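As structure tokens, the structure follows; a few thoughts come after it.
Note that this is a predicted model, so its numbers are computed, not measured. In what follows, every chain begins at residue 1, and chains take the letters A, B, ... in the order their sequences are listed.
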Amino acid sequence: MRLSRYFMPVTRETPADAQVASHKLMLRAGLVRQTAAGIYAWLPLGLRVLKKIEAIVREEQDKAGAVELLMPTIQSADLWRQSKRYDAYGPEMLRLKDRHDREMLYGPTNEEMITALFRDAAKSYRDLPRTLYHIQWKFRDEVRPRFGVMRGREFLMKDAYSFDLDEDGARHSYNRMFIAYLRTFARMGLTAIPMQADTGPIGGDLSHEFIILASSGESDVFYHKAWEADRSAEAEGVDADDPAALQAFVGGLTADYAATDEKRDPAREAAAGADLRQSRGIEVGHIFYFGTKYSASMGFTVQAGDGTQVHPEMGSYGIGVSRLVGALIEARHDEAGIAWPESVAPFQVGLVNMRADDPACAGAADDLYRRLGQAGVETLYDDRDERGGAKFATMDLIGLPWQLILGPKGLGRGVVELKRRATGEREELSIESALARLAG
RNA sequence: CAGGGUGUAGCUCAGUGGGUAGAGUGCCCGCCUUGGAAGCGGGAGGUCGCCGGUUCGAGCCCGGCCACCCUGACCA
């Protein structure tokens, strides 16, 4: 993409509305624009990141055996009356009426809808187990939206729902998602710690919030220092189709203490002793098992092998896709701007032509841009007639992993400069080796 | 939702005792420059959030409304 033809409104000054680093940087780098309190338009650069995150989430859900579908944003109030949540949900639910005065709502979540959809089609234990998911916009009318997309009212969320015949099956479905989450966040360069979370009326240990550590996080969290390491690799060898092996793995992992403020356990903290750590964290995922809450209230049964009718055991599993954009920036930025991990970066390379008015430079840069494209490298090419300093500042701000700098100084010696955004380290190399490096 | 705050140029903000609106930056034109946003000159750009009131006259005073932000209790 040529920057001269892109839409990437960066600002030098920080808009007054933003408080936390990620919000400021998202506005400055032209990722989003706020259109109302807690509601954002995704500009091209931000949309690319959102799509990258979404793709990783989708791949890992598919790998975990979940099946994608897409449910609407607008739901009927009747559906929610079946589960008795229409009145229980409160003002956080955005309610609307259509032209026939029918009561509708903008979905804050989809338990009711998925239960109804699956209920009407699944009649036998042979239809179980299933885990269904979608990635869709939700709306929760937060009293006080803040922190940019990390606590917006409208947000993009992956939510999955599992249906099993019995509790053991539900536990296995839960565990599958558990390791899928570890892998998902690890692929984004994040260390997400599964923390014991509130299970509601069901009780037990089957609810975890996945938290990434960040000083600007909203929750106080406590954990064993074992969690400071990236433990996603431990999940690699696990056979997710083997319930016992998977349970042993998850059980072993969660033996290391990690809890949010509301779920602290003094005994386990004492046991951790000097290995106990405290931090702030951002919740990026939440998984829980809730049994037959919806299958029972919404009359969903399947016939079991012995001929009896049973309510499926359900769980639900959320990932805050749009929130992750903010969370990633919280975890990966410095004074100059964002430093995207390659897996979610909007472009891999920022090609900087230092002298747009110099035919030799422009020609070489055009050629380099063309060849990067041919090699399949996502490149944002700063071909504008701006001073070098402004281009560097823009590149550092938007945080592409690599900057490839081409100017008259190096071109005379046949070299370009390759800079790694995250570390600032730079190196001179020939155009050919730069291409080989970036295409590799 | 309670408490507090702010609405003036694209952005960040000034605006005196009520007298018809400014700076920096960004943008446009020209020149000069060219390796970390900072050279020079010229220029465009504003229903001062909205409605009403007071006044000869309101960005400024009064009333109402709206929007946004902050602090708290709740949430992916």
Side-chain angles (χ1 to χ4, degrees), chain A residues 9-20 23-24 27-28 30 33-39 53 57 89-93 107-110 135-160 181 185 192 197-198 207-212 217-219 260 262 281-288 316-327 335-337 352-358 361 382 384-398 403 405-412 415-417 419 424 426 428:
Chain A
V10 301
T11 69
R12 202 163 156 178
E13 293 191 82
T14 303
D17 284 355
Q19 308 296 320
V20 297
H23 190 193
K24 291 177 184 170
L27 293 170
R28 284 194 56 209
R33 284 291 182 270
Q34 179 168 311
T35 62
I39 301 178
I53 293 172
V57 169
Y89 214 90
E92 226 178 56
M93 177 185 279
T109 178
N110 286 68
I135 300 174
Q136 178 63 292
W137 292 92
K138 307 275 191 292
F139 194 93
R140 292 183 192 167
D141 198 358
E142 300 274 348
V143 245
R144 185 147 96 85
R146 60 185 123 171
F147 306 141
V149 299
M150 287 202 293
R151 176 96 78 82
R153 291 193 295 170
E154 186 183 50
F155 55 97
L156 186 62
M157 179 179 176
K158 183 284 298 182
D159 42 322
Y181 274 39
F185 298 125
D198 202 349
S207 180
H208 288 88
E209 288 180 10
F210 286 75
I211 302 252
I212 65 169
E218 291 190 80
S219 347
T260 59
E262 311 81 58
I282 302 166
E283 183 184 353
V284 289
H286 194 171
I287 62 179
F288 52 96
S316 79
Y317 315 89
I319 290 180
V321 176
S322 49
R323 168 179 285 187
L324 271 165
V325 179
E335 306 71 36
V352 174
N353 174 17
M354 293 300 293
R355 294 288 300 274
D357 62 339
D358 177 329
C361 282
D382 192 344
R384 298 171 306 161
D385 187 10
E386 292 284 341
R387 303 176 69 109
K391 295 190 174 191
F392 288 139
T394 299
M395 281 298 171
D396 284 349
L397 174 62
I398 66 174
Q403 295 171 17
I405 300 147
L406 186 152
K409 277 165 68 172
L411 199 59
V415 298
V416 291
E417 186 177 308
K419 176 182 157 184
R426 49 183 89 198
E428 284 193 338

Pairwise 5' ranking along RNA chain B for A/Met157 and A/Gly389, keeping only the more 5' one: A/Gly389
What I want to check is whether an N or O donor and acceptor connect the side chain of A/Glu13 with the base of B/rG26 at under 3.5 Å. no
Proximity to the side chain of A/Glu218 - top-ranked nucleotide from B/rU12, B/rC75, B/rU33: B/rC75
Whenever both distances are under 3.5 Å in a Watson-Crick or G-U wobble pair, mark it; put RNA chain B into dot-bracket that way, with [ ] for crossing pairs and | when the partner is on another strand. (((((((..((((.....[..)))).(((((.......))))).....(((((..]....))))))))))))....
Would you say a side-chain N or O of A/Gln34 is under 4.0 Å from OP1 or OP2 of B/rC69? yes
For A/Ala36 and for A/Arg28, locate the closest nucleotide of RNA chain B by heavy-atom distance; then report the residue assigned to the nucleotide nearer the 5' terminus. A/Arg28
Suppose we call a contact any N or O donor and acceptor under 3.5 Å apart; does that hold for the side chain of A/Arg12 and the base of B/rU12? no
Output yes when a side-chain donor or acceptor of A/Tyr181 lies under 3.5 Å from a complementary backbone atom of A/Gly318, and no otherwise. yes
Expressed in angstrom and rounded to an integer, what is the separation of A/Ile39 atom CD1 from B/rA67 atom P? 12 Å
Any base atoms under 4.0 Å from A/Gln19, or only sugar-phosphate, or nothing? Heavy atoms, all strands. sugar-phosphate
Return no unless some side-chain N or O of A/Arg144 is found under 4.0 Å from OP1 or OP2 of B/rC70. yes
Taken to the nearest whole Å, CG/A/Asp385 to P/B/rU33 is 14 Å
Do we count A/Phe155 as stacking onto B/rA76 if the rule is ring centres under 5.5 Å and planes under 30°? yes
For a quick check of understanding: with a heavy-atom distance under 4.0 Å over all strands, which category does A/Asp358 fall into, base, sugar-phosphate or nothing? nothing
Indicate, with a heavy-atom threshold strictly under 4.0 Å, whether A/Val352 touches base, sugar-phosphate, or nothing. nothing
With a 4.0 Å cut-off on heavy atoms, is A/Gly152 in touch with a base, just the backbone sugar-phosphate, or nothing at all? base
Looking at residues at least two apart in the chain, or sitting in another chain, which of them share a side-chain contact (heavy atoms from CB on, under 4.5 Å) with A/Pro408? A/Met354, A/Arg355, A/Asp358, A/Cys361
Could you work out which one of B/rC1, B/rG24, B/rC75 sits closest to the side chain of A/Val143? B/rC1
Which part of the nucleic acid does A/Arg153 contact within heavy-atom distance under 4.0 Å: base, sugar-phosphate only, or nothing? nothing
Side chain of A/Arg146: nearest nucleotide among B/rG35, B/rG24, B/rU71? B/rU71
Scan A/Ala336 against the nucleic acid and name what it touches under 4.0 Å (heavy atoms): base, sugar-phosphate only, or nothing. nothing
So A/Gly407, base contact, sugar-phosphate only, or nothing? Heavy-atom distance under 4.0 Å. base
How is A/Gly388 classified with respect to the nucleic acid when contacts are heavy atoms under 4.0 Å: base, sugar-phosphate, or nothing? nothing
